[in-house]
Amino acid sequence: MGSFDRCAIVIDVREQYEWDAGHVSCATRIQIQKNPTNWRQDVLALAGGNKETPIVTYCAAGVRAQSAVDMLVQEGYTDAVNGGGYSTQLESICQACFSTSRESTSSFDLAASSSFAESCRRHLR
């Protein structure tokens, strides 16, 4: 992984019914692994055009999330990581960026956050 000098984008790659049953509060639901029409543009917009922006994907167990990470890496993203399966522990990623402004659960501000680096690394180990 590269250096995390900003809040990560959290992407939930699960089905709608899984999202409806519970999701990380700062996550955006994009099923990258299913190759939806606009996923490239959507992710690039969330990243503010910066493919070095950290991205954490998650699903139910980590398999779909890894497929999404592989696709992101193919597109040139340098800090895409598999967050594994959905759990309330993933909320710590959002808490690391708690002070950033969020429009909704569909996106959040990518303001710099030096505390995110250590928080995310501890969580994902």
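Reckoned from all heavy atoms, side chains included, excluding hydrogens, waters and symmetry mates. Residue numbers run from 1 in the order of the sequence given. From a predicted model like this one, the values you see are computed outputs, not experimental measurements.
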*Asks:* Would you say the side-chain atoms of Lys51 pair up with the backbone N or O of Glu75, donor to acceptor, closer than 3.5 Å?
*Replies:*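 Judged by distance alone, yes, a pair lies under 3.5 Å.
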*Asks:* What I'd like to find out is whether the side chain of Thr78 reaches to under 4.5 Å of the side chain of Val73, using heavy atoms alone.
*Replies:*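 The answer is no, as the side chains (C-beta and beyond) never meet within the 4.5 Å cut-off.
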*Asks:* Quick one: closest heavy-atom pair of Thr53 and Cys7, and the distance?
*Replies:*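 That closest heavy-atom pairing would be CG2-O, 4.3 Å.
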*Asks:* Write down the atom of Leu90, the atom of Gly83, and the distance for their closest heavy-atom approach.
*Replies:*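 Taking Leu90 first and Gly83 second, the nearest heavy atoms are CD2-O, 3.8 Å.
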*Asks:* Mind checking the NE2-CD spacing from His23 to Glu18? Nearest 0.5 Å is all I need.
*Replies:*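 The distance works out to 13.0 Å.
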*Asks:* For Ser25, does its backbone N or O pair with a side-chain atom of Glu91 as donor and acceptor, under 3.5 Å?
*Replies:*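 It does hold such a pair.
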*Asks:* Nearest heavy-atom pair of Ala68 and Val13: which atoms, and what distance?
*Replies:*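 Heavy-atom minimum between the residues: CB-CG1, 3.8 Å.
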*Asks:* Quick one: pull up OG1 in Thr57 and CD in Gln31 and give me the separation to the nearest 0.5 Å.
*Replies:*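 The distance works out to 12.5 Å.
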*Asks:* Which atom pair, heavy atoms only, marks the closest approach of Cys26 to Val10?
*Replies:*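 Here Cys26 and Val10 meet closest at SG-CG2, 3.8 Å.
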*Asks:* Passes side-chain contact (heavy atoms from CB on, under 4.5 Å), Val43 versus Leu72? Steps please.
*Replies:* CA-CA 9 Å; Val43 173; Leu72 289 163; 3.8 Å; yes
*Asks:* Roughly how far apart are Asp70 CG and Asn82 CG, rounded to 0.5 Å?
*Replies:*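 One gets 9.0 Å once the value is rounded to the nearest 0.5 Å.
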*Asks:* Centre of Tyr58's six-membered ring, under 6.0 Å away, within 45 degrees of the axis: is that where NZ or CZ of Arg14 sits?
*Replies:*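 No - Arg14 does not lie over the ring of Tyr58 by the 6.0 Å and 45° rule.
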*Asks:* If you measure from CH2 on Trp39 to CG on Leu44, what distance do you get to the nearest 0.5 Å?
*Replies:*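 Reported value, rounded in 0.5 Å steps: 10.0 Å.
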*Asks:* Examine Ile11 and Val69 and state if one hydrophobic cluster contains both, with Ile, Leu, Val, Met, Phe, Trp and Tyr joined whenever side-chain heavy atoms are less than 4.5 Å apart.
*Replies:*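 No, it is not one cluster - the side chains of Ile11 and Val69 are not joined through contacts under 4.5 Å.
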*Asks:* Supply the atom-to-atom distance Ile32 CD1 to Cys59 SG, rounded to the nearest 0.5 angstrom.
*Replies:*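 Taking CD1 in Ile32 and SG in Cys59, the distance rounds to 11.5 Å.
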*Asks:* If we ignore hydrogens and angles and just use 3.5 Å, is the side chain of Gln33 paired with the main-chain N or O of Ala65 as donor and acceptor?
*Replies:*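 No; judged by distance alone, with no hydrogens or angles, the pair does not exist.
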*Asks:* Distance-only, no hydrogens or angles: does the Asp79 side chain make a donor-acceptor pair with backbone N or O of Ile55 under 3.5 Å?
*Replies:*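 Not confirmed, Asp79 side chain does not pair with Ile55 backbone.
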*Asks:* Residues two or more places apart in sequence or in another chain: which of them pass salt bridge (Lys or Arg N to Asp or Glu O under 4.0 Å) with Lys34?
*Replies:*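 So Lys34 forms a salt bridge (Lys or Arg N to Asp or Glu O under 4.0 Å) with Glu15.
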*Asks:* Over all heavy atoms of both residues, which pair between Tyr77 and Arg40 is shortest? Give the atoms and the distance, please.
*Replies:*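 So the minimum-distance heavy-atom pair works out to OH-O, 4.2 Å.
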